[in-house]
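Below, each value reflects all heavy atoms present in this structure, side chains not excepted, and no hydrogens, waters or symmetry copies.
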Amino acid sequence: MSNSLKMVVVLTVISALAALILAGMNIATKDRIAEAERQDFLRGLTSVLPGFDNEPDRDILTVNGNKLYIGKKGGQVFGYAVESVSAKGYSGNIKVLVGVGTDGKILGIEIISHAETPGLGNKIENEEWRSSFKGMSADSKISVKKDGGDIDGFSGATISPRAVCEAVVNALALVKKADGGAK
């Protein structure tokens with residue numbers, strides 16, 4: 001056997017072993033990872049649908065291929081949570097979870113994921129800024145003040161708040177379309 005062939009065989013065996021180890025680790029940890037992601041998502045739902053007593057991550061209404069997570073208290077629907085994505089972030093997609101009451105007013109928003117600039121665009125995670133959306137509805141001026149709306153932008157980082165506003169407006173429109181959804 002030539003040296004070249006030996007190297008190919010050794011590399012193939014090492015690669016196969018590495019692939020088997022990675023596959024085994026994936027199988028061993030995938031349930032834990034899924035449960036950790038579920039718990040993280042439930043924390044987000046708790047923030048945008050405060051006080052639910054059902055399992056909104058499993059009580060779902062599908063509208064136009066989008067999931068609406070239903071929040072209930074005492075068996076009565078009081079709101080919906082919707083994941084909405086804007087591709088207009090400075091560094092890509094901004095994914096927002098929006099809670100909307102059955103009266104059409106925003107209960108809260110959570111930023112699920114983004115890649116905005118630390119110290120500038122990532123201010124969209126600030127609790128005080130996110131709370132400025134509470135109580136707003138589809139009839140509100142949900143855009144940054146620079147564009148004539150009621151939402152504060154950040155000096156030097158208006159793109160990120162604009163993207164969040166877009167995601168929130170899209171979420172409100174989706175909830176409005178839902179059967180039995182917000183007015």
Ion pair [X]/[Y], N-O distance below 4.0 Å:
{"X": "K145", "Y": "D150", "answer": "no"}
{"X": "D59", "Y": "K72", "answer": "yes"}
{"X": "E37", "Y": "R32", "answer": "no"}
{"X": "E110", "Y": "R130", "answer": "yes"}
{"X": "K95", "Y": "E83", "answer": "yes"}

Any heavy-atom pair between the side chains of [Y] and [X] that's under 4.5 Å?
{"X": "I142", "Y": "L172", "value": "yes"}
{"X": "T102", "Y": "V77", "value": "yes"}
{"X": "L107", "Y": "F78", "value": "yes"}
{"X": "V9", "Y": "T12", "value": "no"}
{"X": "V96", "Y": "I112", "value": "no"}

Ignoring hydrogens and angles, tell me if any N or O in the side chain of [X] forms a donor-acceptor pair with the backbone of [Y] under 3.5 Å.
{"X": "S140", "Y": "S137", "value": "yes"}
{"X": "D147", "Y": "V144", "value": "no"}
{"X": "N170", "Y": "S84", "value": "no"}
{"X": "N93", "Y": "V85", "value": "no"}

Nearest heavy-atom pair of [X] and [Y]: which atoms, and what distance?
{"X": "G121", "Y": "A157", "value": "N-CB, 3.9 Å"}
{"X": "A163", "Y": "I94", "value": "CB-CD1, 3.7 Å"}
{"X": "E166", "Y": "S86", "value": "OE1-OG, 2.6 Å"}
{"X": "P161", "Y": "G153", "value": "CG-CA, 4.1 Å"}
{"X": "G148", "Y": "S143", "value": "C-OG, 4.1 Å"}

When rounded to the nearest 0.5 angstrom, what distance separates [atom1] in [X] from [atom2] in [Y]?
{"X": "K67", "Y": "I60", "atom1": "NZ", "atom2": "CD1", "value": "5.0 Å"}
{"X": "M25", "Y": "T29", "atom1": "CE", "atom2": "OG1", "value": "6.0 Å"}
{"X": "M136", "Y": "K141", "atom1": "CE", "atom2": "NZ", "value": "9.5 Å"}
{"X": "C165", "Y": "K88", "atom1": "SG", "atom2": "NZ", "value": "11.5 Å"}
{"X": "R162", "Y": "I151", "atom1": "CZ", "atom2": "CD1", "value": "13.5 Å"}
{"X": "D152", "Y": "N126", "atom1": "CG", "atom2": "CG", "value": "10.5 Å"}

### Query
Could you walk me through whether E116 and S160 pass the side-chain hydrogen bond (donor to acceptor under 3.5 Å, both in side chains) check?
CA-CA 7 Å; E116 301 304 287; S160 305; 2.5 Å; yes
### Query
If you count the non-hydrogen atoms of other residues, nucleotides and ligands that lie under 6.0 Å from CD in Q76, is the total more than 12?
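No.
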### Query
Is the number of heavy atoms from other residues, nucleotides or ligands within 6.0 Å of CD (E35) greater than 12?
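Yes - once you tally the heavy atoms of other residues, nucleotides and ligands closer than 6.0 Å, there are more than 12.
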### Task
Among residues two or more places apart or on two chains, list those pairs meeting ring pair (Phe, Tyr, Trp, His ring centres under 6.0 Å) that have a residue in residues 91-128.
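Found none.
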### Task
Sequence neighbours left out, what pairs pass ring pair (Phe, Tyr, Trp, His ring centres under 6.0 Å) with at least one residue falling in residues 132-173?
W129-F133, W129-F154
#### Entry: Test log, rule side-chain contact (heavy atoms from CB on, under 4.5 Å), inputs F52 and T46
CA-CA 7 Å; F52 63 81; T46 300; 3.7 Å; yes
### Query
Where do R43 and R38 land on the side-chain contact (heavy atoms from CB on, under 4.5 Å) test, with the steps shown first?
CA-CA 9 Å; R43 276 191 287 280; R38 180 177 180 256; over 6 Å; no
Within one Ile-Leu-Val-Met-Phe-Trp-Tyr cluster: [X] and [Y], side-chain cutoff 4.5 Å:
{"X": "I106", "Y": "I111", "value": "yes"}
{"X": "V48", "Y": "L68", "value": "no"}
{"X": "L174", "Y": "L49", "value": "no"}
{"X": "V168", "Y": "I124", "value": "yes"}
{"X": "I109", "Y": "L97", "value": "no"}

### Message
Is the distance from the ring center of F41 to that of Y69 below 6.0 Å?
### Response
yes
